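Accompanying notes for the structure given below.
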Amino acid sequence: MDHFLKILSAVPVTLLVTFAAFALGAVIALPLAGGRRSRFAIVRLVTKGVIDILRGVPPVVFVFILFFGVGSDLIRWEPLPAAIVGLGLISAGHLAEIYRGGLMAVHQGQFEASAALGLTSTTTFSRVIGPQAFRVAIPGMVTWLISLLKDSSIVSTIGVAEIMFVTSQGARSSGEGLLPFVIAGAVYIALGTPLAALSRWLEKKLSFGRRA
């Protein structure tokens, strides 16, 4: 019971890291996705390179570089903001590709019709293209959120007191190597199950809408 209560006390930190990193990534991903569809080849190339780096470097390595590299010489920051920024940048790379997939799913005729009607770029994106692309991207975004919830455990390596940090401390101090980790696994399942159900519901609902 003691292990469970200690792990439960760390859940708010895990959720804060997960949702803050997701929100940061969702915003940064917008210009990245736009750059991937730019009319200028150099912009597309640079943007693709940035996305490949963000997606290609393992999360734990990226967080270490930000915290121990940038944090020690250029910017001094606490583990929590370093964790959120690190995972947020990684999220941006993945979400940019999810956004791009949503944009590619919109029929080219929608772009041509908007241009024929003389709509501005802002109106075209906000009223015509954006809602359709976002509808396609939502299931992928929720799936990435579930993955990010699990990946948030790596920020324990830089001292953020989330679920895995508290679990490891409990295991070392009590000598019970297995029990705290079993409890932590159950807590992660309890947190991820509603998101998985939401993802399946959205996928079913949006697929039905497209068939209709």
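Heavy-atom basis, side chains included; hydrogens, waters and symmetry copies ignored. If you're wondering where the values come from, they're calculated on a predicted model, not measured in any experiment.
Under the 4.5 Å side-chain heavy-atom criterion for grouping Ile, Leu, Val, Met, Phe, Trp and Tyr, Val50 is not connected to Leu103 through any hydrophobic cluster. Under a hydrophobic-cluster definition in which Ile, Leu, Val, Met, Phe, Trp and Tyr are linked whenever side-chain heavy atoms come within less than 4.5 Å, directly or via other members, Val27 and Ile90 are assigned to different clusters. Note on Tyr188 and Val166: separate hydrophobic clusters, where clusters join Ile, Leu, Val, Met, Phe, Trp and Tyr whose side-chain heavy atoms are under 4.5 Å apart, directly or indirectly. In terms of hydrophobic clustering, with Ile, Leu, Val, Met, Phe, Trp and Tyr side chains grouped at heavy-atom distances under 4.5 Å, Val128 and Leu117 are assigned to a common cluster. Residue Met104 is not grouped with residue Leu32 when hydrophobic side chains (ILVMFWY) are merged at heavy-atom distances under 4.5 angstrom, including chains of intermediate members.
Sorted by first and then second residue, the salt bridge (charged side-chain N to carboxylate O under 4.0 Å, His left out) pairs with a member in residues 28-39 read Arg36-Glu97; sequence neighbours excluded.
For Phe64, the CZ atom counts as densely surrounded, since its 6.0 Å shell holds more than 12 non-hydrogen atoms of other residues, nucleotides or ligands.
Scanning all heavy atoms of the two residues, the minimum distance from Gly25 to Ser91 falls at CA-CB, 4.0 Å. Closest approach of Leu87 and Ala21 over heavy atoms only: CB-CB, 3.6 Å. Residues Val106 and Gln132 share a closest heavy-atom pair of CG2-CB, 3.9 Å. The minimum heavy-atom distance linking Ile154 with Val60 is given by the pair CD1-N, 3.4 Å. Between Leu195 and Val142, the shortest heavy-atom distance links the atoms O-CG1, 3.5 Å. Among all heavy-atom pairs drawn from Thr167 and Ala184, the shortest one is OG1-CB, 3.5 Å.
When side chains are defined from C-beta on, Leu24 does not count as touching Phe19, because their heavy atoms never get closer than 4.5 Å. Between Leu66 and Leu89 the shortest side-chain heavy-atom distance falls below 4.5 Å. Using a 4.5 Å heavy-atom cutoff, the side chains of Ser168 and Phe181 are in contact.
Take Thr193 and apply the side-chain contact (heavy atoms from CB on, under 4.5 Å) test, not counting sequence neighbours, and it matches Ile189.
Going from atom CG of Leu95 over to atom CZ of Phe22 covers 5.0 Å, rounded to the nearest 0.5 Å. To the nearest 0.5 Å, atoms OG1 (Thr18) and CG (Leu148) are separated by 5.5 Å.
Under a 3.5 Å cut-off, the side chain of Tyr99 and the backbone N or O of Pro31 do not form any donor-acceptor pair. Put simply, the side chain of Glu78 never gets that close to the backbone of Leu80: no donor and acceptor are under 3.5 Å apart. Using modelled atom types, no side-chain atom of Ser38 and backbone atom of Gly35 make a donor-acceptor pair closer than 3.5 Å. Under the 3.5 Å distance criterion, the side-chain polar atoms of Thr47 are left unmatched by any main-chain donor or acceptor of Arg44.
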Show, in sequence, the C-alpha distance, side-chain angles and deciding distance for Val155 and Glu162, and conclude whether the side chain to side chain contact (heavy atoms under 4.5 Å, CB included) test is met.
CA-CA 8 Å; Val155 303; Glu162 48 72 70; 3.7 Å; yes

